[in-house]
Amino acid sequence: MPELPDVEIFRRRLEAHARGRAISAVHILDKRLLDAVSAARLSCILEDSRVVSTARHGKHLFVELDNGSLLVLHFGMTGEILTLGRGAGTPRYTALRLAFNDGSGVAITSRRRLGHIALAKDASAFIRSHELGPDALDPTLDIQAFQAALGSPRSAIKSALMDQSKLAGIGNIYSDEILFQAGLGPTVRVGDLNYEQRNRLFQTMRRVLKEAVERGVLSEGTTAALPGDWLLGHRAKGERCPHCGTAVQASKVAGRSCYFCPSCQVD
DNA sequence: TTAAGTGTTGCTCT
DNA sequence: AAGAGCAACACTTA
């Protein structure tokens, strides 16, 4: 689930609920998500610190603390951030729970334990060392930078969009949605796009990601809050294209399940 | 009941 | 050297 829009929603949730608050207690319930940091050290650093700000790059969430440390969160396939009211219990699959001095708190959960919890010096060093490309919604990203980010002309456009070292934030779901709305087949080669198609892909990418964030996709379960003419709610076998009614086609691209409309999306 | 599938990533092998 | 295949994991669906 957590791609750029989802992580941005988590960030806003954290920003609204945790910013300026002091962490009074730290509960680490699953050490397996910790990346190169011991539970003891993480607890020690988090406890009594205050959340100064939050930031996001692609699918990574950064939490800046007033002691100079930076908490880095990645949600894998099933992670979430939940806010907890006073006296709330610990949600199922919680890996890390932070309690604030007013009794409220947040829980970082991970059902499949594929995420990561780490500490870093600063965000830009982390982004560099993890070889992440520019954030897909970086306001300074222009069409030239976008084209450069797509990289090798021979790679399938869906693979290029999902490659975090080229462009950070887009995963399997949103790559399908973006390509559907841009009218491009998933296996179109990057080098075969003309300028008009590249520009349309770029504009569509930004519009789709922004709209998904603004609609708060996660707040209503999965897809209920999305426009009915998006592919996302029809991304399954036996579904029909919301534009033309053609049967949605399922395939595999770069080892990932892929859904598209063979009629609306050109090759 | 068992097996296959899954919104991620990173490693190995070609 | 880019791409396929698989492992990590735990749960859901067929």
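Below, chains carry the letters A, B, ... as their sequence lines are ordered, and counting in each starts from 1. What you see below is based on every heavy atom in this structure, not just the backbone, and it leaves out hydrogens, waters and symmetry mates.
- In the set B:dT8, B:dT6, C:dA4, the nucleotide with an atom closest to the side chain of A:Glu3 is B:dT8.
- Following rounding to the nearest Å, A:Met162 (CE) and B:dT9 (P) show an atom-to-atom distance of 10 Å.
- Ranking C:dC11, C:dG3, B:dT8 by closeness to the A:Ser155 side chain, first place goes to C:dG3.
- Applying the 4.0 Å criterion to OP1 and OP2 of B:dT9, one finds that A:Lys59 has a side-chain N or O inside that range.
- A:Met162 and A:Val7 are assigned to two separate hydrophobic clusters, defined by single-linkage of ILVMFWY side chains at heavy-atom distances under 4.5 Å.
- With pairs defined as Watson-Crick or G-U wobble and both atom distances under 3.5 Å, the stems of at least three pairs that touch DNA chain B come out as B:2-6 with C:10-14, B:8-14 with C:2-8.
- One can find a donor-acceptor pair under 3.5 Å joining the base of B:dT6 and the side-chain atoms of A:Arg112.
- Contact annotation: A:His74 side-chain N/O to B:dT8 OP1/OP2 distance is not under 4.0 Å.
- A syn base is found at B:dG7: its glycosidic angle is within 90° of 0.
- Counting non-hydrogen atoms under 4.0 angstrom, A:Arg256 reaches a base of the nucleic acid.
- Taking atom CG on A:Asp30 and atom P on C:dA10, their separation rounds to 8 Å, with Å as the unit.
- At whole-Å resolution of the value, NZ in A:Lys237 and P in C:dT12 are 21 Å apart.
- Aromatic ring centres of A:His234 and A:Tyr259: separated by at least 6.0 Å.
- Spacing between C:dA14 and B:dG7 at atom P, rounded to whole Å, works out to 15 Å.
- No donor-acceptor pair under 3.5 Å is formed between the side chain of A:Asn199 and the backbone N or O of A:Ile143.
- When the C1' atom of C:dC9 is taken as reference, atom OH of A:Tyr93 falls 12 Å away, rounded to whole Å.
- Nucleic acid contact class of A:Gly255 (heavy atoms, under 4.0 Å, all strands): none.
- Closest contact between the side chain of A:Asn172 and the listed nucleotides C:dC9, B:dG5, B:dT8 involves B:dT8.
- Taking atom NZ of A:Lys31 as the reference point, atom C1' of C:dC9 lies 19 Å away to the nearest angstrom.
- Side-chain polar atoms of A:Thr54 and A:Arg11 form a donor-acceptor pair below 3.5 angstrom.
- Among residues two or more places apart in sequence or in another chain, the ring pair (Phe, Tyr, Trp, His ring centres under 6.0 Å) test is passed with A:Phe260 by none.
- Of the P atoms belonging to B:dT1 and C:dC9, the separation is 24 Å, rounded to the nearest Å.
- Across the protein-nucleic acid pair, A:Asp35 atom CG and B:dT8 atom C1' stand 14 Å apart, rounded to whole Å.
- Under 4.0 angstrom from either OP1 or OP2 of B:dG7 there lies at least one side-chain N or O belonging to A:Ser257.
- To the nearest angstrom, P of C:dG5 lies 10 Å from NZ of A:Lys252.
- Spacing between atom CD1 of A:Ile173 and atom P of B:dT6 amounts to 10 Å, rounded to whole angstrom units.
- Using a cut-off of 4.0 Å between Lys/Arg side-chain N and Asp/Glu carboxylate O, A:Lys158 and A:Asp176 are scored as salt-bridged.
- With A:Leu98 as the partner, the side chain to side chain contact (heavy atoms under 4.5 Å, CB included) test is satisfied by one option alone out of A:Leu84, A:Val26, A:Val51, A:Val63: A:Val26.
- Using a 4.0 Å cut-off between a side-chain N of Lys or Arg and a carboxylate O of Asp or Glu, A:Glu214 and A:Arg12 qualify as a salt bridge.
- Distances were taken from every side-chain heavy atom of A:Ala254 (C-beta onward) to each of C:dA4, B:dT8, B:dG7; the shortest belongs to C:dA4.
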